[in-house]
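Below is one structure, written out as structure tokens; comments come after it.
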Amino acid sequence: MKILYFAWLRSKLGISEEDVTLPGHVTTLYQLIDWLKSRNPAFEEIFQDLSVIRVAIDQEYVTEDIPLGNAREVAFFPPVTGG
Amino acid sequence: MKILYFAWLRSKLGISEEDVTLPGHVTTLYQLIDWLKSRNPAFEEIFQDLSVIRVAIDQEYVTEDIPLGNAREVAFFPPVTGG
Amino acid sequence: MVIVQREKFDTGAEFNRLTEGRTDIGAVVTFTGLVRDFNDGSNVTSLTLEHYPGMTEKELEKIEAAARERWALTECLIIHRFGKMDLGEPIVLVITASAHRGDAFAAAEFLMDWLKTKAPFWKLEANSEGENDWVKERESDHDAAKRWQ
Amino acid sequence: MVIVQREKFDTGAEFNRLTEGRTDIGAVVTFTGLVRDFNDGSNVTSLTLEHYPGMTEKELEKIEAAARERWALTECLIIHRFGKMDLGEPIVLVITASAHRGDAFAAAEFLMDWLKTKAPFWKLEANSEGENDWVKERESDHDAAKRWQ
């Protein structure tokens, strides 16, 4: 599964994307976030306040904890500020 | 005093402006309209329904019967349709 | 600025002139009105705009001043043509520039709504039956203008 | 139509391309967002826009489809840039064309409001103190977007 980070999440982590193989017990979005946090304090930090994070699974916005199913791409980013 | 006519008032009358010398008893807008009507059936016709006529005295809109004072120019026209 | 002219204008060129070298403008809205081939059920072949020289400019200047009083505009331009126009030709242009988009949008709509109900222009439409008809005022234009009272 | 590009665009040229030879358009509204030298109290020296390639285009296409469903548009164009931009450069362009001005104005405002809250772009501002700051979301943008619910 590909994980993408944008804007200040990307600059704080120092990476824009990574390929991960999920452990068998990680099957939902919130479980994914917990697992990502468990790996490293930098991830713990960026996911501290989920109210300032937006999530897209396979390029579609997601606002609650849903099963990851066959998702290929999960993106984390701040509220958008374009236009 | 100069009297101007625009749009369908102009085309119905066949004139776009005229210079008139008002008789002494014509001192307000409505008196002017009555006097213009009295001169000729074409004027009688265009002023039949004042709700479809707009008036400007010296290039300022007027919506009631006001004294003509030293007005130099009175214009009659339909509701505007520009833009 | 207010311009009343017989000649065609170029929306893009006016946009460029207005924004050239400016770094204080965050938002620009343009509205362009064009001669359309269809109006109120009849095929239009050309349009002639009559106006009241002198009063037209004064009214447009009042409308611009009212917009500048209500919103923070860095630039404001109104161009309105008169005379005969073919299909597809531009009739009217409004450009509003501001630091923020809300002001630019609101001011442009306001300018068009007031212009449509206050500026002394009258449209004469030629149609495919060879008739020339004075365009009737629209109730919807008056309703739109009332929003700003 | 939706275009996401690094290169500058020319509002006037896009306007001309869109209206050229058309006689069915009565009203065209353009909105252009430009890089402004001042934001939330600091002097901006340049702007860099990051985006989410793939998702950006999809979101903008959804926004265009939503606008076309709500209003009668003969044309609709969204151009949004990414990458580094100097002061005064254009960032975003929305053009809406319709038979009537009400539809063109409403659709252009709607497109900008939704784009501001849905399209995955992020602004990084460089300021005169040599800092680079990610722009914060604006409450006012969310309030504006709520109008269309």
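When reading the values below, keep in mind they use all heavy atoms of this one structure, side chains included, and skip hydrogens, waters and symmetry mates. Reminder, nothing fancy here: chain letters follow the sequence lines and each chain counts from 1. Computed from a prediction, not measured in an experiment: that's the story for all the values here.
Heavy atoms of C/Leu124 lying under 4.5 Å from chain B are absent altogether.
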For chain C against chain B, print all donor and acceptor atom pairs separated by less than 3.5 Å.
residue  : atom : partner : partner atom : Å
C/Glu50  : OE1  : B/Arg10 : NE           : 3.1
C/Glu50  : OE1  : B/Arg10 : NH2          : 2.4
C/Glu50  : OE2  : B/Ala7  : N            : 2.8
C/Glu50  : OE2  : B/Arg10 : NE           : 3.1
C/Tyr52  : OH   : B/Glu73 : OE2          : 2.4
C/Met55  : N    : B/Gln59 : OE1          : 3.3
C/Lys58  : NZ   : B/Gln59 : OE1          : 3.1
C/Lys62  : NZ   : B/Glu60 : OE1          : 2.8
C/His80  : NE2  : B/Gly83 : N            : 2.8
C/Lys118 : O    : B/Tyr61 : OH           : 2.5
C/Phe121 : O    : B/Thr81 : N            : 2.8
C/Phe121 : O    : B/Gly82 : N            : 3.4
C/Trp122 : NE1  : B/Pro78 : O            : 2.9
C/Lys123 : N    : B/Thr81 : OG1          : 2.9
C/Lys123 : NZ   : B/Gly83 : O            : 2.7
C/Trp134 : NE1  : B/Ser11 : OG           : 3.1

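Residue-environment remark: CD (C/Glu69) stays at or below the threshold of 12 foreign heavy atoms within 6.0 Å.
The side chain to side chain donor-acceptor pair (under 3.5 Å) search around C/Asp10 returns none, not counting sequence neighbours.
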